[in-house]
Amino acid sequence: MSEMPTMDTIVNLAKRRGFIFPGSEIYGGLANSWDYGPLGVELKNNIKRLWWKHFVHARLDMVGIDAALMMNPRVWEASGHVETFHDPLVECKSCHARFRADHVDTAKPCQNCGKKGTFTDPANFNLMFKTHLGPKQEDATTVYLRPETAQAMFVDFLNVAQTSRRRIPFGIAQVGKAFRNEIAPGNFIFRTREFEQMEIEYFIPPKGWEEHFETWLKAMHNWIKLCGIKTELIHEFEVPKDELAHYSKRTVDIQFDFPFGQEELYGLAYRTDFDLKRHAEFSGKDMTYTDPISNEKYIPHVVEPTFGVDRTLLALLVSAYTEEDAPTASGDSEKRIVMKFPPYLAPYQVAVLPLSKKPELEEVARKLALDLAQKWSVDYDVTQSIGRRYRRQDEIGTPWCVTVDFDSLNDNQATIRDRDTMKQERIAIQDIPQYIQEKL
Ligand code: GAP
């Protein structure tokens, strides 16, 4: 088995092959902002689509929403974010570098300027980004960029319950951007100030949350397997009572062995009826749910599985990265880098590679590529030697390469190469879509 890649290896590959670039790079970048390139956006969209298919479409007890990013500021008062969504901040009095107080030993010299005994006392720093609606920059127009997607599921609960005709237990899912003015972003896309979440608020009766919690924990592990994250690098961490978020009665973090250490990948929290109760109190709207069959009335409780999109993608890059010895045409061996993504998540499912730029070959190859592109994501590459093109496709994780050669013009067959085994088979061009369909 391949060893764990370093972060440098992952970051370099991501840039070299077009998965992820530094944001605003031609202007010298913007601290810890990253842009997803042509391959990154495919991988990210595939993750989000698979998640939605798995957790929303493939179940009868789930519906989705796509809410506005900016919400009435009262939402964040009710949720507790205005009051408690803080990190403790210390500043070096000498160089003015700022650190999260829980990430730095203030007894030691400043890690930025090397001076000792210069830190301020910790002060609370609210992580929400503020902006203003409309042209007046005054308190009355302050709004926040949402720091989690979750609150919209609570705020929209009554509308969703009424219109979707779902009966508790049921869940509301949402995928979208969240923003946090992190004091210490870093480790590539692991901690950024702008990121994406895939969240579920699962509404349950006041009794029996333990069973739902265990069921969701298993469901989260199943998802991890489905998306090809190495399960041997996964750990559960029971968050101690005194470290729980203000809304949570129990939280289990699912952690992953990233190259920089074991850190949170996902979280599962029992949020009780905290959020709906607070929104009832702050909005004056009754959040009581009446069971249509038993007529029982209660404020629903909530189990929340939450998944970071960017952390999923990072864990997947780390899990998929493989270095192997591969035989060369001359009989030697060379190192080959292969991204072993599950085929349904790979940025491209197929690459079509005409052996040469001869127009008669390109005509057949382009037609095949366009046929396949109606169903899957397809790369078409005609430059460089076929060996180098295979290596490139291995490195971006394309499960199948189809080579169209001069024999193809006579026998209507092409060579299909498997990314993982490197085995090549010759099959009729018209059978290629079915071949791929069966393997996916
Ligand atoms: N609604 C609950 C909630 O937001 P959280 O643990 O603060 O809980 C959920 O965030 C998930 O969002 C995390 O498990 C992680 O995957 C992702 N996440 C949180 N902060 C992040 C950041 N600054 N950058 C990238 N992903 C982040």
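Values in this document were obtained by computation on a predicted structure and should not be read as measured data. Residues take their numbers from the sequence shown, with the count starting at 1. Read the numbers this way: they start at 1 and go in the same order the structure lists the ligands and their atoms.
- At a heavy-atom distance under 4.0 Å, only side-chain atoms of Arg180, from C-beta outward, approach ligand 1.
- Contacts with ligand 1 closer than 4.0 Å are made by side-chain heavy atoms of Arg311 only, the backbone lying farther away.
- Between Arg191 and ligand 1, no N or O atom pair is found at a separation short of 3.5 Å.
- The cationic group of Lys130 does not satisfy the cation-pi geometry with Tyr144, failing either the under 6.0 Å distance to the six-membered ring centre or the 45° limit from the ring axis.
- With respect to Glu25 and Lys15, a salt bridge is recorded, a charged nitrogen being found less than 4.0 Å from a carboxylate O.
- Side-chain atoms of Thr272 never come within 3.5 Å of backbone atoms of His301 as a donor-acceptor pair (strictly under, hydrogens ignored).
- Contacts between Tyr247 and ligand 1, counted as non-hydrogen atom pairs separated by less than 4.0 Å, involve the side chain only.
- Ion pairing between Arg336 and Glu395 fails under the 4.0 Å rule for side-chain N and carboxylate O.
- Ligand-side atoms of ligand 1 in range of Glu148: 1 (N), 2 (C), 3 (C), 4 (O), range being under 4.0 angstrom from any heavy atom.
- When heavy-atom distances to ligand 1 are checked against a 4.0 Å cut-off, Arg271 comes that close only through its side chain, counted from C-beta outward.
- Only backbone heavy atoms of Tyr266 (N, CA, C or O) come within less than 4.0 Å of ligand 1; its side chain stays farther off.
- No cation-pi contact links Arg193 to Phe129, judged by a cut-off of 6.0 Å to the six-membered ring centre and 45° from its axis.
- Under a 4.0 Å criterion applied to the non-hydrogen atoms of Thr306, ligand 1 contributes the atoms 9 (C), 11 (C).
- By the neighbour-count criterion of 12 heavy atoms within 6.0 Å, atom CD of Glu83 is sparsely surrounded, having that number or fewer from other residues, nucleotides or ligands.
- With a 4.0 Å heavy-atom cut-off, ligand 1 is reached by the backbone of Leu265 but not by any atom from C-beta on.
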